[in-house]
Every structure is written in structure tokens, then in C-alpha cells.
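What follows is a short report on a single structure.
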Amino acid sequence: MSEVIAYFPLIMKGMLLTVEVAVLSLLIAILLGMIGALAKLSKSRIAKSIAGTYTTVIRGIPDLVLMTLIFFGGQILVNDIGEKLGWDYIDVNPFIAGVLTIGFIFGAYFAESFRGGILAVSRGEIEAGYAFGMKPQQVFFRITLPAMVRHALPGFGNNWLVMVKTTALVSVIGLQDMVYNAGLAGGSTRKPFTFYCVVAFLFLVITGVSDVGLRWLDKRYSVGVRKA
Amino acid sequence: MAHATSIRYYCSDTLQQIRAARARLIAVLICIACAFISQAAAADWQQITIGTEGAYPPWNYFDKSGQLVGFEIELADDLCRRMNVECKFVTHKWRGIIKALNQGQYDAIMAAMSITAPRKKLVTFSRSYADTPNIFVVRKDNPIANFQSELAHLTLDDISPTEKAALDALINAFKGKVIGVQVATINQKFADAYLGEHAEIRIYDFQHTVDLELYQGRLDALLGGMAYWVPLIQSEQGKEYKIIGPQMTGGPFGKGIGVAVRKKDQELADLFSQAIEAAIHDGTLKKLAIKWFTFDASAPP
Amino acid sequence: MDFQVIIENLPLYFKGLQTTVVLVFASLAVGLCLAIPIALLATSKRKWLSAPPKAYIYFFRGTPLLVQMFMIYHGMGQFEVVRESFLWAVFQEAWACALVAFALNTAGYTGEILRGTIEQTPYGEVEAAKSVGMSKPLIYRRIILPSTFRRALPAYGNEVIFMLHGSSLAGLITIVDLFGAAKIVNARNFVPFESFITAGLFYLIITFLIVWGFKRAEHRWHAYLRPRES
């Protein structure tokens with residue numbers, strides 16, 4: 001127990017990083033997910049096939065493989081480009097690599113739930129917007145987007161919870177999240193089980209808090225919808 | 001990371017923390033560096049400006065009072081006295097430290113920089129002044145802990161018959177054993193080249209995982225750099241551990257650490273090389289190495 | 001791109017493929033066996049019976065598989081009791097740790113899938129069984145479970161893919177699975193693109209095969225839901 005107290009600040013520092021990675025990846029994933037969903041629903045064949053390939057490939061390859069590919073491959077790619085431009089050797093920042101990878105992976109999952117959400121918005125509402133003389137962008141931002149949130153929320157929540165757990169993988173590329181720090185603490189105290197238990201519990205705390213938040217959002221966006 | 005054959009391989013944990021600290025220094029360092037640019041132009045070597053990182057103990061770092069100290073700082077003092085020049089240190093973050101040299105912000109780099117082929121394309125190196133040996137660490141209660149080597153040091157360049165015998169004895173001792181190394185390090189390179197056919201080599205992402213695996217007994221031995229493992233073995237955490245076999249340098253372990261200068265300044269590199277030779281011969285280098293590392297990390301003559 | 005290295009190392013990849021496939025199948029088999037009692041207990045109306053399996057499901061679905069695997073692989077060695085007994089012969093082996101971790105994990109996810117599906121069994125089916133005088137175990141055996149497995153099929157397909165992808169974590173604890181093979185090839189040759197893309201392609205192909213397999217299974221077992229062919 002005294003070890004846990006001694007290393008608790010380190011673990012909490014790691015937890016902060018875990019949350020940072022999760023939140024930043026979420027922003028990227030939402031952006032990519034929205035683009036992906038719109039591309040899938042667009043009439044352009046090229047956009048459709050690019051988005052289709054993106055989601056299929058991402059969902060067919062393990063996160064861990066993508067993460068290491070982007071981190072170690074990115075290292076070489078950046079330096080190959082850098083060499084041509086005459087730069088000095090560059091270390092790829094694992095934080096940026098981690099956030100980009102997770103964002104990129106979950107963009108594919110968000111694209112699916114956003115697509116479902118957009119399709120669930122009743123056609124009449126959108127038509128009403130056009131009838132009112134709104135431009136396509138106006139219809140999207142004023143009608144489709146707010147109305148789709150309610151439909152996309154369950155899928156969104158699910159993806160967020162999976163994503164929080166996926167952040168554990170950034171420890172593999174050397175980012176000092178709470179899993180990495182638990183490894184350090186468990187190594188030097190010779191009590192790895194204790195520290196991985198602490199980290200498991202902290203993950204449950206994050207998902208628990210998220211759950212409460214998601215329920216509040218669900219209530220907020222379902223205002224005016226009758227529930228059985 | 002895959003390219004990092006530098007000396008930095010053995011400290012990935014502390015390195016992370018150092019990097020964070022490094023970022024905070026940037027603003028200050030740029031100002032300091034700028035102040036010295038004008039002086040770097042002089043090329044008759046009355047005055048030399050040396051670039052270092054200032055964040056890599058015990059090589060070069062700022063102590064609690066904000067003073068730049070370390071093995072390389074003291075060594076540079078000694079070398080400059082021998083070269084009869086006036087030396088000044090400036091700090092630059094690790095990233096771009098070579099680029100700033102070539103832009104003329106300083107004349108030489110002493111920053112625990114390993115002599116590697118890719119770097120040789122960008123700069124000229126003096127001869128090596130340091131070379132941290134690599135060692136096998138085992139648990140005291142493992143039978144292999146009784147292994148005795150004929151040689152205390154083993155340099156893997158130009159292997160002599162005695163060295164060959166010691167190397168063979170070492171390889172023989174590890175037959176059928178499980179050995180852990182950190183990925184993409186010179187230790188992995190050695191293990192793959194010399195032990196791969198006789199022992200099972202397990203490759204780990206982090207040094208602290210290798211440590212835990214040895215402690216729990218999944219590994220018979222680990223192979224690593226002394227700079228990381230000697231302090232650990234001396235601490236409470238390593239009380240079950242023991243170093244066996246010779247201290248190894250050369251060959252796959254690389255060419256050691258040298259002073260880097262601009263490609264055109266070959267004569268400056270030669271000046272440094274002569275001074276380093278002299279410091280090796282009168283024992284100054286060894287004394288400094290033991291003072292800062294607790295073991296002899298000086299380059300072989 | 002230097003695919004010569006990959007061709008030279010193809011035997012290693014195939015060895016890795018074999019490990020991955022065996023590990024995933026074994027984990028799924030053990031996990032499914034555990035999941036059925038977990039789901040049955042979790043659907044019990046008695047709280048003291050349903051609480052423990054629900055807590056189990058909550059833990060294994062709420063924490064990362066990586067942490068669960070480390071708890072077993074690095075964690076078990078913390079305890080003298082384990083290290084001094086026959087158990088260490090098991091937990092010393094990385095593949096045994098991976099198998100235990102993956103099986104417990106998929107048992108949690110599969111348990112939740114089955115629990116949800118059991119609870120959604122159309123009550124008419126159960127009533128019909130009762131009306132012909134079937135006993136409770138018989139109802140479970142003949143009505144609820146077969147219908148559950150059938151309806152759980154699509155969700156279980158996702159879980160199988162999830163497990164396949166999760167199994168790549170085994171490469172982190174010295175196991176030479178597909179990912180482990182890619183790591184070794186990269187560590188020895190510094191070819192991150194070639195090595196990891198090759199592993200990725202293998203995973204992609206297995207994923208497609210699983211998706212195709214479950215489509216076939218659904219086609220067969222959900223035949224009664226298809227519109228009649230004219």
C-alpha cells in the first residue's frame with residue numbers, strides 16, 4: 001500500500017496524459033468521422049470509394065499494428081523527406097503519433113455511426129429547410145447536424161468508451177500514459193499486479209464518469225422526443 | 001527509434017523526462033546560442049565554442065545551482081588546456097544540435113554523441129573519448145552467475161586469440177539460455193550476431209521490462225549498457241543481481257563517443273584527437289570517467 | 001520499399017500466422033464455454049446470483065485488454081504462492097498467459113452478448129414451451145439457448161474480429177504471433193513499412209474470411225427470416 005501512495009503522483013500524471021490523448025484523438029476522430037460520413041453519403045463515386053476503403057482497411061487491421069506502423073514508419077518517412085529538404089535528424093513525437101493514429105482509427109468507426117445518424121434524420125425536416133430557401137451548408141449545420149446528434153449518440157458513446165481503452169496502446173510507443181507508468185512503478189517495486197490493478201480501476205473511473213456524461217447528453221438531445 | 005544507434009539507447013525512461021525538460025529550456029537556449037554566433041566565426045582556434053545539450057546527466061547537465069556541469073564539461077576544460085585554447089560552452093537542444101553546428105552557432109559538439117556512419121556524413125569526429133561498456137546481468141541464484149571470464153574487458157575490433165577464446169567461452173556459457181535485450185539497440189545487434197544461434201534472444205521494447213523479466217526469472221540473463229545497469233544493481237532494486245562476463249566494447253557495440261566538428265574543420269578534429277590521446281595516456285580521462293560514472297567509461301587507447 | 005526482406009522472412013510470418021490462429025481459436029473456445037454460465041447466471045432474477053457475473057462482465061469490458069494481459073503476464077509473478085508452486089510452470093509461459101487473458105476477456109464480452117440476447121428471447125417461444133409441459137432445463141436446452149445462439153450470431157461475429165485484432169497484443173509479451181513476427185523483422189532489418197504492412201495484410205485477409213464465414217452462417221441459420229424465394 002505504501003508503494004501505491006509513493007507512486008500515485010506518477011500514476012496520476014499518466015492518467016492525465018491518457019485523458020489528454022483520448023480527448024485530442026476524439027476531436028480528430030469526430031472531424032474525420034464527419035468527413036467520412038459525408039463522403040459515404042455523397043454522390044461522388046471517388047469520395048465514396050475512398051471513404052469505403054478507409055473504413056474497411058482501418059477496421060480490418062489491429063489498432064496495435066496501425067499504431068506501430070504509423071509511429072515507426074512515420075519516423076522513417078519524416079526523415080526521408082527531411083533529408084531531401086536538408087533537415088537534421090528528427091525524432092517523431094510519440095504523443096503526436098499516438099493521437100493521430102487513434103484519431104485516424106476511430107475516425108473510421110465514427111464515420112459509420114455518423115452516417116447512421118444522418119440517415120436517421122427525417123427527410124421531411126431537410127426538405128423543409130430547402131423549401132425555406134436555405135443553402136445546403138445551412139441545411140447541414142442548422143438542421144441535419146443538430147438532429148443527427150440524438151441518433152448518433154449511442155454509437156458515439158460506445159466508440160468513445162472503446163477509444164479510452166485503446167489509448168492504453170500509446171504506452172507501447174513509449175508515451176508515458178498510466179499504463180506505461182504502472183509498468184515503471186511495478187518494475188521498480190516488484191509489484192506489477194498491484195499497479196496494473198490500480199490502472200484498471202482508474203480506467204473504470206474514466207468510463208464511469210463518461211457514462212454519466214453520455215447519459216446527460218442523451219437526455220439533453222432527446223428533449224421533445226417521447227420515450228416508451 | 002529504429003535508427004537510434006546512439007549512446008542514448010539505454011535510457012529510454014529517463015530520456016522521456018529529459019525531453020520534457022528540454023522543451024522548457026528551448027527559449028532560454030536560443031537566446032544564449034545567438035549571443036555566441038559572432039564568436040564562432042573565428043577560425044584560428046584561439047577560442048572554441050562547444051555546443052552541448054545540458055540535459056543529459058552525468059555527461060552534461062545543469063546542477064541545482066544552475067551551473068553547467070558533468071563529465072564532458074570537466075573533460076573539455078582539460079582538453080582545451082592541452083590544446084592551449086580558450087573554450088566556452090553553449091547549450092542547444094538535442095534535436096538540431098548538428099544543424100546548429102553546421103550553421104556556425106558553435107565549433108564543436110560534446111554531447112554524448114556516438115560516432116555513427118549516418119552522422120559521419122554530416123560532421124567530422126575526433127577519436128573517441130568515451131565508450132560505455134556493455135555487460136551481462138544475471139540473478140545471483142541462477143547457476144549461470146558462477147561463470148568466470150578470463151578477460152575483464154573485451155574489445156570486439158581486431159579480435160586476438162585470447163579474446164577469441166574468452167568470447168567462445170562466453171557464448172558457450174549461454175548455450176540454451178534465454179537472454180533479454182532492448183529492441184533496436186547495439187545490445188540486440190550483438191546478441192543477434194554472436195548468440196542468436198546458441199541462445200534464445202528475447203527482444204523487449206523497454207529496459208524496465210527486461211529488468212522485471214530477469215527479476216521474475218523468465219530470463220537467464222540480460223545484456224545492456226553499464227551506464228543504465230550499474231546504478232540499478234547498486235540500488236535496492238538490483239540487490240538480487242550480479243554482473244558476469246567481460247565488459248564489452250567495439251565491433252557491433254560501435255565506435256564510442258567523440259567530439260563532432262564541421263566537415264571542413266579536420267584540423268580541429270585532429271587537435272581534439274591529440275588532446276584526448278594525451279588525456280588517456282596520463283590517466284586523466286579514466287579518473288574523470290570513474291568520478292562521473294562510478295566505472296571506467298573512458299575510451300580504450 | 002524492400003520486399004526482398006519480407007520474402008526472406010515469409011516462413012516467420014507463416015509461423016506467426018499459425019500462432020495467431022491457434023491462439024484466437026483456443027481463446028474463443030475457452031471463452032465461449034465460460035460465457036454461457038456467466039450469461040445464464042447474469043440473467044438470473046436472484047440478485048446474489050446475477051451480481052458476480054455482472055461485475056465480471058463490467059470489469060472485463062471496462063478495462064483495456066492490454067492491462068488485463070499485463071496483470072496476468074507481469075502480475076502473476078508478483079506472488080510467492082504462484083512463483084513457488086506448479087502454477088509458475090504455467091504462468092512462466094507467455095502463450096499460457098496470453099491464452100488465459102484473452103479467454104477471460106472474450107468470456108466477458110461474449111457473456112454480455114448472450115445475456116442481452118437471452119433477455120430478448122420472445123416470450124411467446126418460452127410460453128409455448130411451457131404450455132407443452134417442458135421442464136425449465138429442457139426449455140433452456142431446446143428453446144432459449146438455440147434461439148439465443150442464432151440471434152447472437154452477428155454480434156458474436158464482431159467479437160471474433162475483435163479477438164483476432166486483440167490477439168496482436170500477444171506480440172508484446174515475446175510471443176511470435178503475426179504482430180510479433182513483424183516486430184522481429186523490423187527489429188532486425190529496420191523496415192517498419194514493409195514489416196507491419198505485411199502483418200496488416202494478413203490480418204485484413206483473416207478479417208475478411210471471418211466476415212465471409214459469418215455471412216454464410218447467418219445465411220444458413222437465419223434462413224427462416226429470409227423472404228421466400230420464388
Identify which part of V172(A) has an atom lying under 4.5 Å from any heavy atom of chain C, answering side chain, backbone, both or neither.
side chain
Can you name the closest pair of heavy atoms from Y109(C) and K165(A) and give their distance?
OH-NZ, 2.7 Å
Single hit among L204(C), I197(C), L201(C) for side-chain contact (heavy atoms from CB on, under 4.5 Å) with I61(A)
L204(C)
Between chain C and each of T207(A), I70(A), L77(A), T167(A), count heavy-atom pairs under 4.5 Å; write down the option with the most.
L77(A)
At a heavy-atom distance under 4.5 Å, which candidate from V57(A), T166(A), T194(A), L202(A) has the highest pair count against chain C?
T194(A)
Top of P64(C), G200(C), G62(C) for chain A proximity - count of heavy-atom pairs under 4.5 angstrom
P64(C)
Over all heavy atoms of both residues, which pair between Q78(C) and P192(A) is shortest? Give the atoms and the distance, please.
OE1-N, 3.2 Å
Provide the closest heavy-atom pair for P192(C) versus L69(A) in the form atom of the first, atom of the second, distance.
O-CD1, 3.7 Å
Apply side-chain contact (heavy atoms from CB on, under 4.5 Å) to S113(A) and list each qualifying residue two or more places apart in sequence or on a separate chain.
F110(A), N159(A)
Measuring heavy-atom distances to chain A, does T63(C) have an atom under 4.5 Å in its side chain, in its backbone, in both, or in neither?
both
F70(C), F79(C), F202(C): which one forms the most heavy-atom pairs within less than 4.5 Å of chain A?
F70(C)
Does any heavy atom of chain A fall under 4.5 Å from the side chain of Y58(C), the backbone, both, or neither of them?
both
Checking heavy atoms, do the side chain of L161(A), its backbone, both or neither come under 4.5 Å from chain C?
neither
What residues form a ring pair (Phe, Tyr, Trp, His ring centres under 6.0 Å) with F95(A), not counting sequence neighbours?
none
If I take atom CD1 from residue I72(C) and atom CZ from residue F193(A), how far apart are they, to the nearest 0.5 angstrom?
8.0 Å
Contact summary for L66(C) and S171(A), nearest pair of heavy atoms
CD2-OG, 3.7 Å
